[in-house]
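Here is the structure we will look at, set down as structure tokens.
A, B, ... follow the sequence lines: proteins, then strands. Residue 1 opens every chain.
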Protein chains: 2
Amino acid sequence: MFSKACEYGIRASIFIAKNSFEGRRVSPKEISEKINSPQAFTAKILQALVKNNVIKSVKGAYGGFEIDKEKIAKIKLAQIVNAIDGDNIYKGCGLGLDKCDENHPCPMHDKFKVVRDGLRDLLEDTNLEELALDLKKGSAFLKI
Amino acid sequence: MFSKACEYGIRASIFIAKNSFEGRRVSPKEISEKINSPQAFTAKILQALVKNNVIKSVKGAYGGFEIDKEKIAKIKLAQIVNAIDGDNIYKGCGLGLDKCDENHPCPMHDKFKVVRDGLRDLLEDTNLEELALDLKKGSAFLKI
DNA sequence: CTAAAATAGGATAAAAATATCCGAATTAAA
DNA sequence: TTTAATTCGGATATTTTTATCCTATTTTAG
Ligand code: FES
Ligand code: FES
């Protein structure tokens, strides 16, 4: 469904959000350990998320990654997915036609659109806060 | 969403189904032209579909690919997707955890499951006949 | 039997995704 | 001001996906 990079990116964002709630900055090392992802590769993805204003980085000693507390509830999954995988997964044609067009649909269009629009709603309506809260409560997990 | 190989595989299967309805066998060359896909690559995918009993090949002069008419309505999209991409896309965890487990869910689980199960239903309930019919009627297309 | 028309399948190439490594730049504390 | 702890960014490596090419094998028509 999503690329590995995107999966890591979402998991990392949720982990950072949870820790920012608690006032903690986190390092790529800790992130990759806690979400079970390759460290250097994850670091690249974090850089991309910084550029896309999803997370914030603080350089130098005592630095790390964080998200402004007020922003956590405003960041939608779609923003993260879009920054890493683009929007084709929740906007494009399921059979790979150049674009999904009501007037020139693929044979899967009618049925696929329902599923894909459900995914789009999920991504556009779900914010980092609710996900991070599940993590904090212990009712959801980011690895194993 | 799906891999290129899978997109080509589904489009090719629909095209073959439509032609088998009309009693025509088709070549990889014609298939790739009509679904707008690279010929040699598509041929490999067709071979995989033959091995997985989705389509039938007839070797030698006057050969080509076809699907038994009685089988067309019985072949589900899930069978094609499974043969090429596996079932992770419609059974696996959206955040890439090793498996989707109610008792150890990722933070996206509750919402993602709804979408993913919708996709699973689509794939398991949709058969080649309905798709091929849309193509025949001219109400759906396989390229551009 | 031969020739022509097909699919099958192995070898290879190119591109993209995934992953690692290392030095440069930045920053806070001592 | 020095040092240690960091992120940043470029270079490189590996693996997977996508794609091409060429030969072998099969099969029918003549
Ligand atoms: S045209 Fe294929 S999903 Fe809309
Ligand atoms: S555990 Fe992630 S979707 Fe179910």
Side-chain angles (χ1 to χ4, degrees), chain A residues 1-13 15-16 19-20 24-33 35-67 81 83-86 88-89 92 95-96 98, chain B residues 1-13 15-16 19-20 24-33 35-67 81 83-86 88-89 95-96:
Chain A
M1 181 81 75
F2 304 112
S3 68
K4 284 282 164 206
C6 194
E7 290 172 356
Y8 299 155
I10 297 173
R11 301 219 299 268
S13 298
F15 180 72
I16 296 168
N19 280 279
S20 292
R24 296 182 65 234
R25 239 171 236 162
V26 285
S27 67
K29 183 168 151 55
E30 181 181 0
I31 294 170
S32 61
E33 277 163 2
I35 73 170
N36 194 33
S37 68
Q39 185 180 330
F41 187 51
T42 306
K44 297 287 189 203
I45 298 160
L46 293 172
Q47 282 179 45
L49 292 177
V50 169
K51 277 195 183 150
N52 278 275
N53 294 308
V54 175
I55 61 180
K56 207 172 81 180
S57 75
V58 180
K59 288 187 201 173
Y62 291 73
F65 294 90
E66 63 183 22
I67 306 177
V81 171
I84 303 172
D85 279 354
N88 198 61
I89 192 179
L95 289 190
D98 276 359
Chain B
M1 182 79 77
F2 305 111
S3 68
K4 284 283 164 203
C6 195
E7 290 172 356
Y8 300 155
I10 297 173
R11 301 219 298 268
S13 298
F15 180 73
I16 296 167
N19 280 278
S20 291
R24 295 182 67 234
R25 242 171 234 163
V26 285
S27 66
K29 182 168 153 55
E30 181 181 0
I31 294 171
S32 60
E33 277 164 3
I35 72 171
N36 194 33
S37 67
Q39 184 178 332
F41 187 51
T42 305
K44 297 287 190 204
I45 298 160
L46 293 171
Q47 281 180 47
L49 292 177
V50 169
K51 275 195 185 151
N52 278 275
N53 294 309
V54 174
I55 61 180
K56 207 172 82 177
S57 75
V58 180
K59 288 188 201 172
Y62 290 75
F65 294 91
E66 63 182 21
I67 306 177
V81 172
I84 302 172
D85 280 353
N88 198 60
I89 192 178
L95 290 189

Integer-rounded Å distance: [N] [atom2] and [X] [atom1]:
| X | N | atom1 | atom2 | answer |
| --- | --- | --- | --- | --- |
| B:F41 | C:dA16 | CZ | C1' | 12 Å |
| A:K59 | C:dA24 | NZ | C1' | 10 Å |
| A:K44 | C:dA16 | NZ | P | 19 Å |
| B:L49 | C:dA8 | CG | P | 11 Å |
| B:I45 | C:dA8 | CD1 | C1' | 15 Å |

Using OP1 and OP2 only, check whether a side-chain N or O of [X] sits under 4.0 Å from [N].
| X | N | value |
| --- | --- | --- |
| B:S27 | C:dA5 | no |
| B:Y8 | D:dT18 | no |
| B:Q47 | C:dG9 | yes |

Q: Rounded to the nearest 0.5 Å, what's the gap from CG on B:D85 to CZ on B:F2? Could you check?
A: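 Rounded to the nearest 0.5 Å, the CG-CZ separation comes out at 7.5 Å.
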Q | Where B:L49 and B:A83 come nearest, the two heavy atoms and their spacing | A | CD2-CB, 4.4 Å
Q.
Here's a test of your reading of the structure: between B:Q39 and A:A43, which maps to the more 5' nucleotide of DNA chain D?
A.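 Result: A:A43.
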Q: Any chance you could lay out the side chain to side chain donor-acceptor pair (under 3.5 Å) test for A:S37 and A:S32, step after step, and finish with the verdict?
A: CA-CA 5 Å; A:S37 68; A:S32 61; 5.0 Å; no
